[in-house]
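Provided herewith is a single structure, encoded as structure tokens, for subsequent inquiry.
So that the names make sense, note that chain A is the first sequence line, chain B the second, and so on, each numbered from 1.
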Amino acid sequence: MLDLRDPSLYAPAPAGDGAVLLALRDPASGALTFPRSPYGSPALEQVELSGQATLLACITLHQPVLPGVVPPLVVARLQLAEGPVVDGVLDGTAEPPPGTAMRAVLVAEDGALACRFRPVA
Amino acid sequence: MSGLRDLRPVRVVGIGMHRYQFASDTPYITLGLAALRAALEDAGLGWPDIQAAMIGTAGLGMAAGRVMLRHMGDTGIEVMQVENASASGSSAFRMACLLVGSGQRDIVLALGVDKHGTSQRAVDKDGLARLSPSDHSPLVEFALLARMWRDRHGLRPEDMARVAVKNHGNAARNPFAQFRKPRTLEQVLASAPVAGDLTALQCCPRGEGAAAVIVASEAAMARLRLDRRRAIRVLSSTASSEPAVPPGAFPMLEIVRQSGLETLRQAGIGVEALDIVELHDAFSIEEIVYAEALGLCPVGEGAARLRDGAWEIGGRCAVNPSGGLIGMGHPIGPTGIGQVAEIVRQLRGEATGRQQPGARTALAHMIGLGAVAVGHVLQRE
């Protein structure tokens with residue numbers, strides 16, 4: 001089993017190749033924070049998010065404009081099922097249309113398990 | 001909340017530029033002092049007349065202003081370095097206006113100078129991991145926004161490309177611009193794809209340069225017999241940071257909308273009074289969505305305004321007659337002050353070759369990483 005690239009962000013789902021995302025929740029309001037931040041209120045509780053999401057938009061990076069990016073890379077804005085909006089990387093080079101149901105998966109990449117998003121089959 | 005109009009009148013009395021250019025071996029002091037000396041000459045002032053200097057820079061390091069200004073002679077004035085990402089120069093100009101407006105100083109320099117630095121950003125040092133390497137990348141943020149505008153409002157790649165055609169065309173007529181070559185729609189669309197529908201000619205260059213403006217009180221203008229006919233009044237100055245927004249809203253657009261409204265409100269004018277807007281078009285889509293957010297047209301109609309020429313020089317409201325960040329360049333520290341210098345030149349009627357006819361009132365609007373927004377309305381009296 002490979003190590004997780006960013007264990008502060010995600011963990012393997014109980015079954016399959018899916019990932020859960022590691023967040024914080026305000027027990028008073030239910031408000032969620034992702035990623036987990038050590039800088040906010042200590043009263044926040046740790047929760048796991050399902051990794052289910054809806055694709056809002058995605059684009060292909062055609063140039064190596066960011067550190068660690070090897071083009072082509074498809075990056076997306078996703079609304080997690082629990083509410084937060086995050087930026088993530090898609091698995092593959094296809095650009096699914098807005099509204100596509102997505103899920104977080106763990107893929108082997110450069111000797112570690114990275115979190116990517118893939119359309120729900 | 002009181003604004004600049006409730007303080008002493010503030011006027012720009014001098015402007016100076018060092019052309020924006022690609023990275024070179026030229027020391028930043030050469031860039032900055034060229035702009036400063038041009039501004040002093042434009043105003044008819046000497047260095048000893050300057051009572052404080054606000055220096056906008058993001059990439060030079062500590063004490064850049066003091067190290068530069070000692071070559072003008074030690075006069076003991078207040079020198080402050082202002083870093084506010086892309087809005088560093090705009091923020092330095094705001095500080096200068098407030099110093100004069102509040103009565104603490106009578107003549108203040110705002111100078112932006114920068115060279116292509118390390119581009120280190122605090123957001124990359126916050127100790128938090130992220131799902132995507134694109135998180136907090138302005139390029140990706142606006143490429144995604146362009147895609148959303150396509151899906152929601154039918155914005156096409158050629159609509160965005162028209163921003164670059166217009167602004168490269170304006171920059172070709174601006175001797176201080178980094179790019180001096182007009183581009184066709186076909187050239188813009190055929191340039192290298194960068195991110196999503198954004199091509200290389202729709203992205204601002206990084207570079208270096210300098211811009212300087214001098215603001216003065218009425219008392220100083222009378223004492224030094226400065227030319228009132230070429231002085232341009234600063235009607236309002238605002239600064240803000242990203243507000244909380246309801247689900248589904250775009251924080252960057254909301255900060256532009258709110259800061260634009262407040263800048264106009266404090267100036268006592270409506271958007272219809274604007275003859276010129278200089279705004280942050282680091283990427284072509286930004287001009288469209290910011291112009292919509294500022295109220296130049298309803299949301300979703302920016303593409304139509306580009307097609308009918310409303311934002312061209314000679315149109316209803318010239319947007320980025322300087323060439324904007326895409327054409328004139330975006331050396332960071334100078335950019336916001338360069339906007340003000342362009343507007344002053346336009347309002348004086350001295351923008352040879354790119355003059356907006358009859359221009360009287362203009363908005364300089366800048367955003368910066370964070371996000372922050374800084375706005376100023378200037379008017380010929």
Side-chain angles (χ1 to χ4, degrees), chain A residues 4-10 19 21-24 31-40 49 51 53-80 83-90 95-99 104 114-117, chain B residues 118-155 157 160 190-206 244-252 282-283 285 289:
Chain A
L4 298 173
R5 174 171 296 164
D6 290 304
S8 65
L9 292 177
Y10 46 84
L21 303 181
L22 307 179
L24 295 172
L32 293 165
T33 299
F34 177 84
R36 289 176 180 170
S37 162
Y39 308 126
L49 307 182
T54 301
L55 187 134
L56 301 176
C58 66
I59 54 121
T60 299
L61 289 177
H62 304 286
Q63 307 287 341
V65 290
L66 298 167
V69 165
V70 178
L73 183 75
V74 183
V75 295
R77 184 143 300 161
L78 303 126
Q79 177 144 35
L80 301 179
V85 174
V86 302
D87 281 2
V89 177
L90 301 195
E95 293 185 2
C115 179
R116 298 289 181 256
F117 286 86
Chain B
T118 57
S119 299
Q120 288 195 352
R121 307 182 312 165
V123 71
D124 298 325
K125 302 175 181 175
D126 66 2
L128 298 177
R130 291 184 167 82
L131 280 178
S132 171
S134 66
D135 221 17
H136 298 294
S137 158
L139 167 65
V140 172
E141 176 72 24
F142 292 111
L144 285 167
L145 187 61
R147 201 49 70 84
M148 293 183 202
W149 242 240
R150 181 196 70 177
D151 297 334
R152 293 184 183 194
H153 303 293
L155 185 74
M160 288 197 301
S191 60
V194 179
D197 298 320
L198 292 172
T199 60
L201 286 174
Q202 297 177 62
C203 304
C204 71
R206 284 295 307 274
V245 299
F250 298 95
M252 192 60 91
F283 308 102
I285 178 66
V289 294

Handout entry: Sub-4.5 Å side-chain heavy-atom contact between A:Arg77 and B:Leu144
Key = yes
Problem - Contact origin within B:Leu139 toward chain A - heavy atom pairs under 4.5 Å - result: side chain
Exercise for the section: Please determine, among A:Cys58, A:Pro35, A:Ser8, A:Pro64, the option with the most heavy-atom pairs under 4.5 Å with chain B. Expected result: A:Cys58
Problem - Heavy-atom contact with chain A under 4.5 Å, split by part of B:Arg150 - result: neither
Handout entry: Separation between CG of A:Asp87 and CD of B:Glu141, rounded to the nearest 0.5 Å
Key = 7.0 Å
Completion exercise
Comparing A:Leu9, A:Val75, A:Thr60 against chain B, the one with the most heavy-atom pairs below 4.5 Å turns out to be A:Leu9
Handout entry: Structural part of A:Leu61 lying under 4.5 Å from a heavy atom of chain B
Key = both
Handout entry: Interchain contact, A:Arg5 with chain B, by part (heavy-atom threshold 4.5 Å)
Key = neither
Practice task
Among A:Val89, A:Leu66, A:Val86, A:Val74, single out the residue with the greatest number of heavy-atom pairs under 4.5 Å to chain B.
Solution key: A:Leu66
Problem - Part of A:Val65 within contact of chain B (heavy atom distance under 4.5 Å) - result: side chain
Exercise for the section: Measure from the side-chain N and O atoms of A:Gln63 to the backbone N and O of B:Ala195, and report whether any donor-acceptor pair falls under 3.5 Å. Expected result: no
Problem - Contact summary for A:Ile59 and B:Gly196, nearest pair of heavy atoms - result: CB-CA, 3.8 Å
